[in-house]
Amino acid sequence: MRNSITVKLILSYAAVIFMMAGLSTSFISLFSDGYILSESNKQLKKYADEFVLNLTTQQSSIITEIRLDLTLNEMATKDYAVAIFNKNNELERHTHYESFSISLEDFVSAVKPKINYEGANVLKHSSGNYALFTRHIYDVDTDERIALVFYMQVDRYGIDRSLFTLYLMSICVATLFAVCFALIFSSTLTLNLKKLKVRANMLAKRRYDCSIKIDSNDEVGELSDAFDAMAKSIEEYDLSQKIFLQNASHELRTPLMSIRGYTEGLRDGVFENTEEICTEILDQTSRLEKIIEDIMYLTKMETSKNAVVLEEATTIQIIDEAIDRVQGIAVAGNINIVKGDIAIMNVMCDVDNFCVAITNILSNCLRFARTEVMIQVRPVTKGVCFTISDDGPGIHEEDLVHLFDRFYKGKKGKHGLGLAIAKAVITSHGGAVHARNKQGGETGAIFEIFLPIK
């Protein structure tokens, strides 16, 4: 069964209120009992001092008896009682009140073990709790000990029933307000979430242009912004996939049409020099094969999590391997590959794949360079930077934005996949690649490759 946010909020608020009410009641009960007991003991000590003072003002036993009766009679309106025990711990006199929950017999039997100890004490009985204060005095004539036990029932001074009822009513009112607040708050929250649900359904139907405005300065607003960013990213990815398929179809169609034309010509006997035509068909087949291999390689680098296997290598090892792969192109174009300042550092990378990225960028620079291509390596924060530059005419400004896009071909470009593959390989290593033109009157392009050191 699905529980709505409104129900969850109401239950949460109510649970918090009742939990706080229970805790506050427990603390009030705990501290009030301790406070009442402490104050009762202080009051009983005061009564005991006054009682004993009245008894000992006269040294005659007759006067003491009279004063004892008078003092006991004065206690008829007091909220405490006194029990007087002789030297044998037998009850002599008392002012036990019927309003006390405990009977006199039960009180005497329960208090006898405590008579021999002077001072404050507590008597806990099934009928109630009592604060005690015991004072020993001695008869002037006989020097016999008399135990005076002053006591009062303290549990009757706890939280008043009417006050407790009022407290419970306030909890109910607070719960009602909490429910109302939860309903108001949840209505706004659920409304925004329903809007996000509609937005998600639109994205599922590939409707990226429909935006739903959500005015909220909290996490829901941030979630809405994240939805918009996600929609934009998905739309761009979807568009790039469509463009990729269109460009791939176009690139594949050209050699296929050429192969088809030559093959039909051979079938119809149009060409006399069949050997030259077969060579052309093989060239177009090789071109088609190269495009398909590049597409498969690019797709693998962009989608496979296991495409990169890291191993330890040095920067000079990577540079030498990449130069060896393009040395033939450099010699054929009469271009000199120069190794500039190269910091020899240990890095973790997939040597073969990373060399493919360096090779593709080198090939691009060799295609446009006039006399030389320079490679440099320098340490940077948290990584190493490979810099590849040429002395060619540089990159057109309109090409810089799309230079690493798939099938984007500038002047002298081939399939438009080389730099896209280079970027995919470098990105799979957690790095980044950027291209720019030289400044300060110099011409040529500069490619900077950042490889993090883990």
How far apart are the closest heavy atoms of L310 and V308, and which atoms are they? CD2-CG1, 3.6 Å

Quick one, L44 and M152 - any side-chain contact, counting heavy atoms below 4.5 Å? yes

Using 30° and 60° as the class boundaries, would you call the ring planes of Y80 and F150 parallel, tilted or perpendicular? tilted

Close side-chain approach of E397 and N437, heavy atoms under 4.5 Å: yes

How about F100 and Y151: do any of their side-chain heavy atoms sit closer than 4.5 Å? yes

Can you tell me if N88 uses its side chain to pair, donor with acceptor, with the backbone of E90 under 3.5 Å? no

Looking at every heavy atom in both A110 and P113, which two are closest together, and how far apart are they? O-CD, 3.4 Å

Which heavy atom in L403 sits nearest to a heavy atom in A435, and how many Å separate them? CD2-CB, 3.6 Å

Dump the intermediate steps for side chain to side chain contact (heavy atoms under 4.5 Å, CB included) on N121 and T134, then the final yes or no. CA-CA 8 Å; N121 214 321; T134 304; 5.8 Å; no

Got a second to check how far F107's CZ is from H125's NE2, nearest 0.5 Å? 10.5 Å

Determine whether D350 and D352 make a side-chain contact, defined as any pair of heavy atoms from C-beta on separated by less than 4.5 Å. yes

Within the structure provided, determine whether V377 and I318 are in side-chain contact (heavy-atom separation under 4.5 Å). no

Taking the side chain from T427 and the backbone from A424, do they hold a donor-acceptor pair closer than 3.5 Å? no

CD1 of I137 to CD1 of I146, rounded to nearest 0.5 Å, is 4.5 Å

Does D341 have more than 12 heavy atoms from other residues, nucleotides or ligands lying within 6.0 Å of its CG? no

Would a distance-only check, ignoring hydrogens and angles, find a side-chain to backbone donor-acceptor pair under 3.5 Å from E321 to C355? no

Is the NZ atom of K438 crowded by more than 12 outside heavy atoms at less than 6.0 Å? yes

With no hydrogens and no angle check, is any side-chain donor or acceptor of T95 less than 3.5 Å from a backbone partner on V82? yes

d(L400 CG, I395 CD1) to nearest 0.5 Å is 5.0 Å

Looking only at heavy atoms, which two atoms of F85 and V108 are closest? And how far apart? CE2-CG1, 4.0 Å

Please report the interatomic distance CZ(F354) to CD1(I449), rounded to the nearest 0.5 Å. 5.5 Å

Report yes if the side chains of D320 and K339 come closer than 4.5 Å at any heavy-atom pair, otherwise no. yes

Answer yes or no: is there a side-chain heavy-atom contact under 4.5 Å between T387 and M374? no

Is it the case that the side chains of N89 and R145 hold a donor-acceptor pair, with the cut-off being a distance below 3.5 Å and no angle test? yes

Tightest non-hydrogen contact, residues H136 and I115, listed as NE2-O, 2.8 Å

Given I426, L451, L419, the one that forms side chain to side chain contact (heavy atoms under 4.5 Å, CB included) with V433: I426

CZ on F133 to CD on E118, rounded to 0.5 Å: 7.5 Å

Spacing of E92 atom CD and I84 atom CD1 [to the nearest 0.5 Å]: 8.5 Å

R378 versus A343, closest heavy-atom pair with distance: CA-CB, 4.3 Å

Does the side chain of V425 come within less than 4.5 Å of N360's, by heavy atoms? no

